[in-house]
Amino acid sequence: MSKRNKKGEDTPDLFAENADDQATDPQPQSEQQTRGSGKVQGEAADSQDQEHNDDTVQAEGDSAETTDGQDEDGQHNGLSGHGLVSVSGMYENYYLDYASYVILERAVPALEDGLKPVQRRILHSMRRMEDGRFHKVANVIGHTMQFHPHGDAAIGDAIVNLGQKELLIDTQGNWGDTRTGDRAAAPRYIETRLSRFALEVVFNPQTTEWQMSYDGRNKEPVDLPVKFPLLLAQGVEGIAVGLATKIMPHNFVELCEASIAWLKGRKPKLLPDFPNGGMMDASNYNGGQKGGRIRLRAHIETVDKRTLNITSIPYGVTTQNLIDSIIKANDSGKIKIKKVEDQTARDVNILVHLAPNTSPDVTLDALYAFTHCEVSISPNCCVIVDSHPQFISVNECLMRSTDQTVDLLKRELEIRLAELAERWHFSSLEKIFIENRIYRDIEECETWESVISTIDAGLEPFKARLHREVTRDDIIKLTEIKIKRISRYDSFKADEVIADIEDEMADVEHNLEELTEYAIEYFRALLSKYGKGRERRTEIRTFDTIEVATVAAANQKLYVNRQDGFIGYGLKKDEFVEECSDIDDIIVFRRDGGYQITKVSEKAFVGKDILHVAVWKRSDERMVYNVLYRDGATGKSFAKRFNVTAGTRDREYNLTTGSKGSKILYFTANPNSESEIVTISLDARSRARIKEFDFDFGELDIKNRNAKGNTVTRYTVRKVVQKSQGASTLGGLDLYYDDAVGKLNSDERGMYLGSFEGDDRILAVYRDGSYELTQYEVSKRFEADKLSLIRKFDPADVLSVIYLDGESKNYYVKRFQIDTVTVDKRFSFVTDHKQTRLEFVDAAEEPVVTFKFSGMKRGERGEQTVNLADFIDVRGRQTQGNKLGNYKKISGLKKVQSE
């Protein structure tokens, strides 16, 4: 199946060098052609009613002659006597032809205008129908079927898709909602027309290359002369034979700015922007090429301790899909919710009501981990370039599109300059013809040729003034000037018209000389005219990795039968261990020194004499096990400290030397690596002089689980009991706050808060004028955009605050110490008026602030610096504070010094 390139030359099929053009296209074959081809693709077969195959038997009497369709050696040459293709090789050729057709004519957009064929034909039809008024979509579909041969359903869906992108066509009626998944009304009920943007940017018959439609009755564009990176603005998705394309939509404003940057010599770096809004982590976008990945998240707000509010959804997800995924996660026990309310109207509003005793922070992470609140998309930028599919980056797409826009602008300017030159030429001829009364010379002429020659002779003295030769057509146009126009001819106005044409020609010539600057101004004009209301909707963030096992809801209860050696959530009559989720791993230690890690199940045998069982957290270096065991081979007792940060499921491990008769004498699990002192009592029959002594595990290093340990005694141990528990031997837990994701971490990401252990707390101060003390859990999440201050809590700290009282409109300063001890409860320290606003908070001993102010008197302005420690003494949290001054407004408030 041959194609035509931009020069109208035949190009080979993109898959095969000699692919046939016969009867493989689903279109009528009388004048069938593909995009970019203006010639007929073969003739109708005269004998389609006859069937032939490779096994056709030759008729009697012709045995001496060579059979049609065979060469001299008797081999089939692929032809039959009736011009049909033999079965041999037919399927291979037909498949390649079909694949070529689907790729070029249906699924993959062209780089030149960013449109699939159906979209291009819709826009072309709408331009032909354009009269400024809305048209029924059903009428548009019918008109488009003159150019697109694949039925009304495909055309209707493509029109709705264009309308929902809100760029090229204006809509009227119910066009559906991509957020909720609601479909558009029937085509007879909805209306559309081309947008002002489309009329300005997409069409220009003078720069459009045309071809015949599929049935040869109409002309259609090969590509539309789009002067904008439309492909990237709209995005596209298509599945062809053997390849697919998935290009994300990008922001209109950013595309214009990126085109301007490219014209100024800077390489663009584009990121997607989605109409649904939400949040996006595009750190692995890879320029939109294959192998890249973007992660999209819904915006979720914490309304209160029992309610979460989803205010935006990821691209490609509907509210119903999202709700279904939440219900499914709840039914499988991964999250715990009471109910979900869909209150979506103009904006997305999905309320998730949590079950009692459920943490909103953990549930928020679980929604991202187990539901469609977070989705991943793998882009794959594939476009048609010169009748071949190419895989390029979105940045390359923009650069090529911008360069094409410059070329189209140049062609438009050249066409306009030629038009102006023609206008100037004829206006000058007309002026010469009338002012010099050349029309009188033809009164005596008796033939048409004499009239032409007489006028030409009359113009001869003036031809040097003209920019080109005077043609016969020019003279004929002069003869068509009416007497009425000649009689009312105004030479002064004619000079003005010619001067205006010359000025415009000078402007066009200047724009051609400064083509790059002209293109930059073109994009700036687009930005000014159509950029309002098209600001970025998707927030760019870097997402943290959510540990699924950490956020999964504890939907099961773990039980153990120590004597018989069974564990599971189905042993409800046995000993309760702790709550767990059905995706947790369990670690089990036995009296004989063996241990294993296994996935939680309803009931599993792990070995008798279970000593310790608990939920196991991979890579938890702070969980330290203190062990004292007797070696069966030597009878000696050893002590060691170790952690289990990794392991293989259901594999048997051993804490001892593994010799027969080895036994655990003492075992404790310490979540924060606590040490301890134990009292060891020896057998009364032993020869040891001291039969009871203390042993401090804090003197041991934390080693590998395979370490033998330190020798404690060579005598038989009768009993080991804990005497006292010590502090963490690993020291405090260093915590950091990452404001990009609003979470605590121990990975040195973000601001260092301090070393935490024991009863330490975190102080969080919010912009609404409240604070809370919280536990230092690594999984703790804060709303970063609502946080004013976060730090390790010190009871001796003094908070210095400046706030605007909503009722009096005065600014107040107060200093106070935290006087509450309740954890995870907010306490307000400003007035409760709804317009009260926190302006500044700091915990430094002597904070010094500077600010600009506008006074109550007209024109009173200035800048002031205040030491808040000198301004007011430390008082109670609920006091109003001292008035900062008679300021109408303060701005630029910042701390300049802290001692």
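Everything numeric in this text was worked out from a predicted model, so none of it was measured.
- In this structure, a donor-acceptor pair under 3.5 Å is absent between the side chains of E220 and Y214.
- Of the charged side-chain nitrogens involved, at least one lies within less than 4.0 Å of a carboxylate oxygen, so that D273 and R536 count as a salt-bridged pair.
- Here the side chain of N174 pairs no donor or acceptor atom with the backbone of A184 at under 3.5 angstrom.
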Q: Step by step, work out the side chain to side chain contact (heavy atoms under 4.5 Å, CB included) result for V201 and Y522.
A: CA-CA 10 Å; V201 170; Y522 168 80; 3.7 Å; yes
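- Open room surrounds CD1 on I239; 12 or fewer heavy atoms of other groups in view lie less than 6.0 Å from it.
- When only modelled atom types and interatomic distance are considered, E412 and N204 share a side-chain donor-acceptor pair under 3.5 Å.
- In this structure, N251 contributes its side chain and R534 its backbone to a donor-acceptor pair below 3.5 Å.
- Taking 4.0 Å as the cut-off between side-chain N and carboxylate O, D170 and R193 count as a salt-bridged pair.
- Counting heavy atoms from C-beta on, the side chains of V226 and F203 never come closer than 4.5 Å.
- A distance-only check finds no donor-acceptor pair linking the side chain of R183 to the backbone of G176 [under 3.5 Å].
- Side-chain atoms of L296 and E374, non-hydrogen and from C-beta on, never get closer than 4.5 Å to each other.
- Within the 4.5 Å cutoff, side-chain heavy atoms of N161 are placed close to those of K165.
- Separating the OG1 atom in T245 from the CD atom in E237 is a distance of 8.5 Å, to the nearest 0.5 Å.
- Of the N and O atoms on the side chains of R293 and S378, not one donor lies less than 3.5 Å from an acceptor on the other residue.
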Q.
As a quick check of understanding, evaluate salt bridge (charged side-chain N to carboxylate O under 4.0 Å, His left out) for E396 and R400, giving each step before the final call.
A. CA-CA 6 Å; E396 179 69 18; R400 293 193 187 188; 3.0 Å; yes
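- A distance-only check finds no donor-acceptor pair linking the side chain of S401 to the backbone of C397 [under 3.5 Å].
- Residues L255 and F523 form no side-chain contact, since every pair of their non-hydrogen atoms from C-beta on lies 4.5 Å or further apart.
- Annotation: the span from Q289 atom CD to I392 atom CD1 amounts to 8.5 Å, rounded to 0.5 Å.
- Looking only at distances, no side-chain donor or acceptor of N286 sits under 3.5 Å from a matching main-chain atom of G288.
- In this structure the side chain of D113 never reaches within 4.5 angstrom of the side chain of L230, judged on heavy atoms.
- In this structure, Y736 and Y752 have tilted ring planes: the angle between them lies in the 30° to 60° band.
- For the atom pair CZ of R179 and CD of Q164, the computed distance is 11.5 Å after rounding to the nearest 0.5 Å.
- At a threshold of 4.0 Å, the pair R524-E521 counts as salt-bridged, since one of the basic side-chain nitrogens sits closer than that to a carboxylate oxygen.
- Considering CD1 of I141 and CD1 of I159, their distance stands at 4.5 Å, rounded to 0.5 Å.
- Here E301 pairs with nothing under the salt bridge (charged side-chain N to carboxylate O under 4.0 Å, His left out) rule; sequence neighbours left out.
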Q: Applying salt bridge (charged side-chain N to carboxylate O under 4.0 Å, His left out), run through D223 and R120 and close with a yes or a no.
A: CA-CA 8 Å; D223 293 304; R120 185 180 304 110; 3.6 Å; yes
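- Side-chain contact check for T180 and D182: at least one donor-acceptor pair (N or O, by modelled atom type) lies under 3.5 Å.
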Q: Mind running side chain to side chain contact (heavy atoms under 4.5 Å, CB included) on I122 and I155 for me, showing each step along the way?
A: CA-CA 8 Å; I122 289 169; I155 298 172; 4.0 Å; yes
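- Figure legend: cation-pi geometry between R297 and Y368, with NZ or CZ positioned under 6.0 Å from the six-membered ring centre and within 45° of its axis.
- Although no hydrogens or angles enter the test, the distance criterion places a donor-acceptor pair under 3.5 Å between the side chain of N395 and the main chain of L270.
- With hydrogens and angles disregarded, a donor-acceptor distance shorter than 3.5 Å links the side chain of H250 to the backbone of M248.
- Here the NZ-CZ distance, from K290 to F391, works out to 6.5 Å after rounding to the nearest 0.5 Å.
- No side-chain donor from either of S325 and H372 sits under 3.5 Å from a side-chain acceptor of the other.
- Counting only N and O atoms by type, the side chains of W262 and D403 include a donor and acceptor under 3.5 Å apart.
- Side-chain contact check for R106 versus V118: every heavy-atom pair is 4.5 Å or farther apart.
- The closest side-chain heavy-atom distance from T171 to I190 is not below 4.5 Å.
- Ring centroids of F228 and F252 are separated by less than 6.0 Å, placing the two rings close together.
- Contact annotation: the side chain of V236 never approaches that of L115 to less than 4.5 Å [non-hydrogen atoms, C-beta and beyond].
- Side-chain atoms of E514 do not come within 3.5 Å of backbone N or O of N511 as any donor-acceptor pair.
- Side-chain N or O atoms of R295 include none that pairs as donor or acceptor with a backbone N or O of M279 at under 3.5 Å.
- Checking T344 against N349 by side-chain atom types alone, no donor-acceptor pair falls below 3.5 Å.
- A donor atom on one side chain and an acceptor atom on the other are found under 3.5 Å apart for H299 and E539.
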**Q.** salt bridge (charged side-chain N to carboxylate O under 4.0 Å, His left out) between K743 and D365, worked out
**A.** CA-CA 11 Å; K743 287 189 65 175; D365 280 345; 3.2 Å; yes
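- One N or O on the side chain of S195 and one on the backbone of L168 form a donor-acceptor pair closer than 3.5 Å.
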